[in-house]
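Okay, so here's the structure we're looking at.
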Number of protein chains: 2
Amino acid sequence: MPPNKKMKAARTEIGLTQAELAHIVDVTRQTIGLIESGKYNPSLNLCIAICRALGKTLDELFWPDNAIYEE
Amino acid sequence: MPPNKKMKAARTEIGLTQAELAHIVDVTRQTIGLIESGKYNPSLNLCIAICRALGKTLDELFWPDNAIYEE
DNA sequence: ACATTATGCAACATATATATTACAATAAAG
DNA sequence: CTTTATTGTAATATATATGTTGCATAATGT
C-alpha cells in the first residue's frame with residue numbers, strides 16, 4: 001500500500017499530532033503512523049473513526065482511485 | 001456492526017451470489033456472508049476490492065451515514 | 001547547544017480477520 | 001414434493017492488525 005498522504009494532510013491541517021489522533025480514535029500512535037506510511041491495512045471501523053475525527057469521508061481519505069502512487 | 005444492506009443490495013442488483021463475489025475478491029463466501037450480516041469488521045483493502053467488484057465507492061457501501069455517534 | 005516534542009522503527013505479545021471444513025436451514029426450481 | 005442452489009452458522013487453524021515497550025532520529029523551541 002502506498003503512503004496515505006491525504007490522511008496525513010487532513011490530520012496536520014487540523015493541527016493534530018499522530019499521538020493526539022491516536023488517542024481520539026483509541027489506538028496507539030504507532031498504528032496511526034503505520035497507516036499513514038502505508039504499512040498497515042486498517043479495519044473499516046478504524047477508517048471510519050479516523051474519518052470522523054478528521055471531518056472527512058471514506059472516499060476522501062481512503063479511496064485510491066485518484067492516487068498517483070509515488071514511492 | 002449492523003447488517004450491510006447496501007452491500008447486499010448492490011451485489012444482488014448485479015446478479016452475483018455471495019460465492020461469486022467471494023471468488024472475484026479472493027476471499028471465502030463465509031467472509032462475504034459475515035460482512036453482509038454485520039459480524040465482521042473487514043479490512044480496508046477488502047472493502048475496496050468489494051467496491052470495485054460491485055461498481056460502487058466506499059462511501060456508497062461502507063459509510064454509516066445514518067449512524068448515531070457518541071464518545 | 002540543550003531540551004522537548006513528534007515521528008520512525010524494531011521485537012515480541014495479543015486480538016481478531018479470514019481460511020477451512022462441515023453441516024443445517026432456506027430458497028428456488030424441476 | 002424432491003432436488004439443487006444459496007445462505008447461515010459453528011469449530012478450529014492461520015495470517016495479520018494492533019498493542020506494548022523501548023530506543024533512535026528529526027524537528028522545534030529556548
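Keep in mind it's a predicted model, so treat the numbers as computed, not measured.
Look at CD1 on Ile32(A): it is 12 Å from P on dG8(C), rounded to the nearest Å. Here dC9(C) presents its C1' atom at 16 Å from CD1 of Ile35(A), a figure rounded to the nearest Å. Protein atom CE of Met7(A) is 13 Å distant from nucleotide atom C1' of dT7(C), rounded to whole Å. Counting to the nearest Å, the C1' atom of dG19(D) and the NE2 atom of His23(A) are 15 Å from each other. In this structure, the CG atom of Leu46(B) is 18 Å from the P atom of dT16(C), given to the nearest Å. Rounded to whole Å, atom C1' of dA15(C) lies 14 Å from atom CG of Asp26(A).
Between the side chain of Asn41(B) and the backbone N or O of Ser43(A) there is no donor-acceptor pair closer than 3.5 Å.
Residues Pro64(A) and Arg52(B) share a closest heavy-atom pair of CG-NH2, 3.9 Å.
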Below 3.5 Å between N/O atoms, which protein atoms pair up with nucleotides 6-8 of chain D? Just atom names and distances, please.
residue	atom	partner	partner atom	Å
dT7(D)	OP1	Arg11(B)	NH1	3.0
dT7(D)	OP2	Thr17(B)	OG1	2.2
dT7(D)	OP2	Gln18(B)	N	2.8
dT7(D)	O4	Arg29(B)	NH2	3.3
dG8(D)	OP2	Gln18(B)	NE2	2.9
dG8(D)	N7	Arg29(B)	NH1	3.3
dG8(D)	O6	Arg29(B)	NH2	2.4

Polar atoms only, N or O, under 3.5 Å: list the protein pairs with nucleotides 11-14 of chain C and their distances.
none

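Partners of Ala19(A) by side-chain contact (heavy atoms from CB on, under 4.5 Å), not counting sequence neighbours, listed by chain and number: Thr17(A), Arg29(A). With sequence neighbours excluded, the residues forming a side-chain contact (heavy atoms from CB on, under 4.5 Å) with Ala10(B) are Leu54(B), Lys56(B), Leu61(B), listed by chain and number.
Within 4.0 Å (heavy atoms only), Thr28(B) reaches at least one base atom of the nucleic acid. Using a 4.0 Å heavy-atom distance criterion, Asn45(B) is classed as making no nucleic acid contact.
Distance CD1/Ile35(B) to CZ/Phe62(B): 6.5 Å, rounded to 0.5 Å. The CG atom of Asp59(B) sits 7.5 Å away from atom SG of Cys51(A), with the distance rounded to the nearest 0.5 Å. In this structure, Thr57(A) OG1 and Ile48(A) CD1 are separated by 11.0 Å, a value rounded to the nearest 0.5 Å.
Applying the 4.0 Å criterion to OP1 and OP2 of dA19(C), one finds that Thr31(B) has a side-chain N or O inside that range.
Each side chain to side chain donor-acceptor pair (under 3.5 Å) pair with one or both residues in residues 30-39 of chain B, not counting sequence neighbours, appears once here: Arg11(B)-Glu36(B), Gln18(B)-Glu36(B), Thr28(B)-Thr31(B). Sorted pairs that involve residues 14-28 of chain B and meet salt bridge (charged side-chain N to carboxylate O under 4.0 Å, His left out), not counting sequence neighbours, are lacking altogether.
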